[in-house]
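Report on the structure given below.
Whatever order the structure lists them in is the order used to number ligands and atoms, beginning at 1.
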Amino acid sequence: MAFSAFGIACKQDNNKSDTTQPKKKDLFIPDFNQDSAYVYIEQQLAFGPRVPGTKAHLECRDYLVNKLESFGVKTQLQEFKANFLDQNNVNSYNIIGTINPNATKRILLSAHWDSRMIADKDDNADMKNKPILGADDGASGVAVILELASVFHKYPLENLGIDIVLFDAEDQGKDNENWCLGAKYWTTHPHRPGYSAKYGILLDMVGAKGATFRYEANAYQFDQELHEAIWTLAGDLGYGNFFIPQMSGTIEDDHYYIMKNMGIPMVDIINTKMGNQGGFGDYHHTHEDNLDIINKRTLQVVGKLMCNVIYRENA
Ligand SMILES: [Zn+2]
């Protein structure tokens, strides 16, 4: 794909043509504010666990819509019914934001905004049936996207459209069933008929201390070049300790249904820990997934990489 035009080739051409001039304006990469992203995690957690069917869930839904709108993102809700963990017909909502609706070249940015109703991997038996805060598993990806929306507001994208889809009911599954319900719904009922994008990036667990991000096998197979370009760019930015060009195995996450049902290449930026049961961090689906595990440097690395990817696409 044309993705290889981005990054290093671009930079070298401009340096070669005139080293005395400041960098071309179209290659300006804005900063990413990790403190704001951190606050957006705190604010989501302040509602309590964001489990579909609860008051906290509705309150957080409205908070997210208002936040996106405050950054000039035209936002809509997509309602659907979810069945999970012995609950039926629970009102659930994908939150969809559109930037530059008329731009033909588009990038999709996604995360899930619900948090898990149970802590089935927690060591404390009494706490296994209680919902988790999901500081990393849910809130971190959403927070990075909110801060990116604020960056796009300050430094408008001229040649690129962005679609933000915050999926609901991603994290209420059990065994191999009922995961990614919002993504399953949106990819079969897109907000715009025939929706497509050049590619998409899913951010899931992007805020933990010591996070490492590897190639998700299905997504890598779908578009190797896209993955290698992004991981190479991360290395060039000095983020090689975070972005490790290794396979992590296959992960069922929202991105899978976007590839399968819409044919859009996706990248799943997700914290994996090799050798751990299930391949995720120790806090995964436990009550340890709270603010204590969030690290501003990780948010900064992921956010700044996203700024680099997106403003290079815009140039
Ligand atoms: Zn999860």
Side-chain angles (χ1 to χ4, degrees), residues 41 44-45 47-54 56-57 60 64 82-85 87 90 92-95 110-124 127-145 165-186 201-214 216 218-219 248-258 266-274 276-294 298-299 302:
I41 296 178
Q44 291 174 79
L45 266 54
F47 296 109
R50 299 158 313 283
V51 178
T54 65
H57 180 257
C60 188
L64 294 173
N83 301 328
F84 57 86
L85 296 169
Q87 302 209 85
V90 181
S92 304
Y93 306 88
N94 292 327
I95 300 168
S110 279
H112 75 86
W113 73 273
D114 63 314
S115 72
R116 185 157 175 76
M117 197 176 96
I118 54 174
D120 38 331
K121 286 163 80 177
D122 204 285
D123 289 335
N124 183 341
M127 296 295 281
K128 278 183 192 285
N129 286 323
K130 300 231 162 64
I132 65 168
L133 283 171
D136 200 32
D137 198 356
S140 66
V142 171
V144 168
I145 289 176
V165 184
L166 305 179
F167 292 114
D168 201 357
E170 186 277 338
D171 220 0
Q172 314 303 333
K174 204 180 172 192
D175 303 324
N176 289 323
E177 283 182 2
N178 293 331
W179 302 97
C180 306
L181 299 179
K184 285 173 182 166
Y185 189 82
W186 177 71
I201 298 176
L202 176 66
L203 302 177
D204 192 358
M205 299 191 276
V206 293
K209 190 170 187 238
T212 47
F213 306 107
R214 294 176 175 78
E216 190 281 322
N218 285 320
S248 70
T250 60
I251 298 169
E252 182 185 353
D253 205 347
D254 292 324
H255 72 299
Y256 175 77
Y257 297 95
I258 300 171
M266 290 294 299
V267 174
D268 189 12
I269 298 186
I270 182 164
N271 180 17
T272 50
K273 192 170 170 190
M274 303 313 275
N276 245 20
Q277 200 212 344
F280 300 115
D282 297 329
Y283 60 87
H284 184 246
H285 293 180
T286 76
H287 292 286
E288 274 172 44
D289 188 356
N290 60 39
L291 267 181
D292 295 343
I293 60 149
I294 298 299
T298 307
L299 294 170
V302 174

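- Annotation: side chain of Val144 is in contact with side chain of Leu299 (closest heavy-atom distance under 4.5 Å).
- Under the 3.5 Å distance criterion, with hydrogens and angles disregarded, a donor-acceptor pair is assigned to the side chains of Asp136 and Tyr283.
- Open room surrounds OH on Tyr256; 12 or fewer heavy atoms of other groups in view lie less than 6.0 Å from it.
- Residues satisfying the side-chain hydrogen bond (donor to acceptor under 3.5 Å, both in side chains) test with Thr212, not counting sequence neighbours, are Arg214.
- In summary, His285 places an N/O/S atom under 2.8 Å from the Zn ion (ligand 1), meeting the contact criterion.
- Atom OD2 is the N, O or S atom of Asp171 at the shortest distance from the Zn ion (ligand 1).
- Sorting the N, O or S atoms of Asp137 by how far they are from the Zn ion (ligand 1) puts OD2 first.
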